[in-house]
Amino acid sequence: MKVLIIGGGGRCHALVYSASKSKRVSKVFCAPGNDGMIGMAELVKISDSDIFALRDFALENKIDLTIVGPEIPLSMGIVDEFEKVGLKVFGPSKLASKIESSKEFAKDLMKKYNVPTAEYETFDNYQLACNYIDKMGAPIVIKFDGLAYGKGVVIANTVAEAKETCDNMLVKKIFGEGKIVVEEFLTGPEFSFMCLVNGEIVLPLDIAQDHKREGDGDTGLNTGGMGAYSGVPFIDSKDIDYSMEKIMKVVANAMINEGCLFKGVLYGGLMKSPKGIKVIEFNARFGDPETEVVLPRLDCDIIDVIDKLIDGVASEITFKDEVSLGVVMATCGYPRDYSKGAVIEGLEDIDVPIFHMGTKLVDGKYTINGGRVLFVLGRGKTFKEAQIKAYEAVSKVKCDNLYCRSDIGYQVINYNK
Ligand code: AMP
Ligand code: GLY
């Protein structure tokens, strides 16, 4: 098979890595990919949001299977365009990807089908939102119902802060037109549960946890993710069964009922709260950086699984008896301002997988080309072993302009003690 992966970051590098190991795959393309994938995939110079050019490329090159990484092309309808011309593609339609792109759609679906989630109301009126906030009290969570470049979720610790956030979003319209969802603040460990779905078939991947904050001990600003691990001991098999039966399968069936069958990765961002497991959000795609820790643990051929799943055939997904832990090396300054271009050395001395998130080859040398730059993976029988391997590799990367958290996996390592 000829396989096309769409996207350019660490998640797509991990997909390329898995596809290149598949016995069924003769060639892997990645659009636009990144320079870290050279040798594993042929890079295609088409942006991941140029959906018509991607469709034409797939037709001309007789691509047998396309897997879409990022949300933007999904919400633009890339899957619909590919399917119109008979191309096989793994991802949800434009309609089904609303489960990620519209918080209101996702929350209303959960309410209608009794999927456990935080209590909420949707508002486009500032005064009504304030009345609800007065009734609920703080802390309380305000979510903008639309594209907000990762800044659309505010956890307000006081009623005044909550009302100011509503003023910013509904009156000052800092993100443009859009409603808000105001929801109950929940506490507890979060975990990411990705399932490969086609209609009512739901195939679970092992769970992962990412580290969203920039600083050690989960302090500082939110980021796209500073590290992750997979194999999460404080989420036991009962929790997984509950999440499968009461959340993921219910939602897959609900999507069929609502006339927007879901095919692709259904990502549940879940929280184990004192009141039980609840949904924080759904994504309609592989998580980043969760994919980078989950896929390398697979003991089966993911391309074969996906290819059959699109044809309506369910396969078993098996995992190696090991855990994984990955550290993101980010550019100094990220998630604020940062500069590109610094040379990265030492990568050739590293014997663990490194997924490139934002690098570029300049005169034969890797240079920084983004906020998050490298994902360094450690694997082992224990989290401690995986953590030591990851940080040993990190110490070999030579670049003054990169930083990382020093405590990725601290929750599980402390848990094991
Ligand atoms: P979201 O984009 O909806 O995943 O929200 C981003 C982050 O905000 C989540 O990963 C949580 O850490 C936090 N968050 C969102 N909703 C809630 C909630 N209802 N209670 C507590 N924390 C939340
Ligand atoms: N790691 C969270 C996401 O992919 O959105």
Side-chain angles (χ1 to χ4, degrees), residues 1-20 22 24-102 146-147 149-150 198 224 260-265 267 283-288 291 302-303 306-307 309-310 340 355-362 367 369-372:
M1 291 168 77
K2 288 203 267 182
V3 172
L4 169 64
I5 310 286
I6 292 176
R11 160 183 52 201
C12 291
H13 195 174
L15 280 161
V16 162
Y17 170 89
S18 293
S20 67
S22 166
R24 294 196 51 203
V25 174
S26 55
K27 182 148 189 182
V28 186
F29 296 87
C30 192
N34 70 53
D35 287 345
M37 301 173 188
I38 292 171
M40 241 181 231
E42 183 174 321
L43 304 187
V44 180
K45 283 199 171 57
I46 303 176
S47 149
D48 57 15
S49 55
D50 197 348
I51 63 176
F52 296 104
L54 290 166
R55 175 202 61 190
D56 294 345
F57 173 85
L59 278 176
E60 277 157 27
N61 290 277
K62 300 193 168 48
I63 299 295
D64 298 293
L65 172 66
T66 299
I67 300 175
V68 187
E71 184 204 354
I72 302 280
L74 292 171
S75 60
M76 291 171 74
I78 190 169
V79 169
D80 311 64
E81 294 306 328
F82 271 53
E83 287 179 346
K84 266 187 215 161
V85 295
L87 288 165
K88 200 168 191 181
V89 55
F90 191 58
S93 64
K94 183 175 181 170
L95 206 58
S97 66
K98 265 204 310 200
I99 190 115
E100 170 164 6
S101 59
S102 167
L147 211 56
Y149 307 100
N198 186 7
C260 46
L261 178 144
F262 192 94
K263 167 173 60 66
V265 180
Y267 165 122
N283 292 330
R285 51 173 175 80
F286 280 105
D288 195 354
T291 303
I302 186 88
I303 299 299
I306 290 175
D307 188 51
L309 178 59
I310 298 174
K340 297 181 180 180
F355 300 125
H356 289 234
M357 306 179 102
T359 65
K360 189 171 165 187
L361 273 176
V362 177
T367 62
N369 192 40
R372 291 184 303 156

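For the numbers below, each heavy atom of this structure counts, side chains included, while hydrogens, waters and symmetry mates do not.
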With a 4.5 Å heavy-atom cut-off, do [X] and [Y] have their side chains touching?
X: H13; Y: M40; result: yes
X: S26; Y: M1; result: no
X: V3; Y: I5; result: yes
X: K98; Y: S101; result: yes

Atom pair [atom1] ([X]) and [atom2] ([Y]), whose distance is rounded to the nearest 0.5 Å:
X: L65; Y: I63; atom1: CG; atom2: CD1; answer: 9.5 Å
X: E100; Y: N283; atom1: CD; atom2: CG; answer: 4.0 Å
X: I67; Y: I6; atom1: CD1; atom2: CD1; answer: 10.0 Å
X: D288; Y: L15; atom1: CG; atom2: CG; answer: 9.5 Å
X: F82; Y: K84; atom1: CZ; atom2: NZ; answer: 12.5 Å

For [X] and [Y], work out which heavy atoms get closest and say how close.
X: Y17; Y: S20; result: O-OG, 2.9 Å
X: M37; Y: C30; result: SD-SG, 3.6 Å
X: C12; Y: G8; result: SG-N, 4.0 Å
X: K340; Y: N369; result: CD-OD1, 3.7 Å

Can you check side-chain contact (heavy atoms from CB on, under 4.5 Å) on Y267 and R285, steps first, answer last? CA-CA 6 Å; Y267 165 122; R285 51 173 175 80; 5.5 Å; no
Could you tell me which residues satisfy side chain to side chain contact (heavy atoms under 4.5 Å, CB included) with [X], sequence neighbours excluded, listed by chain and number?
X: T359; answer: N34, I344, H356, Y366, V373, L374
X: K94; answer: D80
X: S22; answer: R24, V25, D301, I303

Please list all pairs passing the salt bridge (Lys or Arg N to Asp or Glu O under 4.0 Å) test where one or both residues lie in residues 8-20, with sequence neighbours left out.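 The answer is none; no pair qualifies.
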Could you pull out all donor-acceptor pairs under 3.5 Å where a side-chain atom in residues 41-54 meets a protein atom, sequence neighbours excluded?
from	atom 1	to	atom 2	distance (Å)
E42	OE1	K27	NZ	2.4
S47	OG	S49	N	3.1
S47	OG	S49	OG	3.1

Ignoring hydrogens and angles, write down the donor-acceptor pairs under 3.5 Å from the side chains of residues 68-79, residues two or more places apart or on other chains.
from	atom 1	to	atom 2	distance (Å)
S75	OG	E71	O	3.4
S75	OG	I72	O	3.0

Set of ring-ring contact (aromatic ring centres under 6.0 Å, His included) partners for F90, sequence neighbours left out: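 Once residues adjacent in sequence are excluded, F90 has no partner under the ring-ring contact (aromatic ring centres under 6.0 Å, His included) criterion.
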Atom NZ of K88 with >12 non-hydrogen neighbours under 6.0 angstrom: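 Yes, because the 6.0 Å sphere around NZ of K88 holds more than 12 heavy atoms from other groups.
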Would L261 and N198 count as a side-chain contact (heavy atoms from CB on, under 4.5 Å) if you check the C-alpha gap in whole Å, the side-chain angles of each, and the deciding distance to 0.1 Å? CA-CA 8 Å; L261 178 144; N198 186 7; 3.8 Å; yes
Pairs under 3.5 angstrom only: tabulate donor-acceptor contacts from the side chains of residues 55-62 to other protein residues two or more places apart or in another chain.
from	atom 1	to	atom 2	distance (Å)
N61	ND2	F57	O	2.9

My understanding is that only residues two or more places apart in sequence, or in another chain, count here; which of them pass side-chain hydrogen bond (donor to acceptor under 3.5 Å, both in side chains) with K263?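 side-chain hydrogen bond (donor to acceptor under 3.5 Å, both in side chains) list for K263, sorted by chain: E83.
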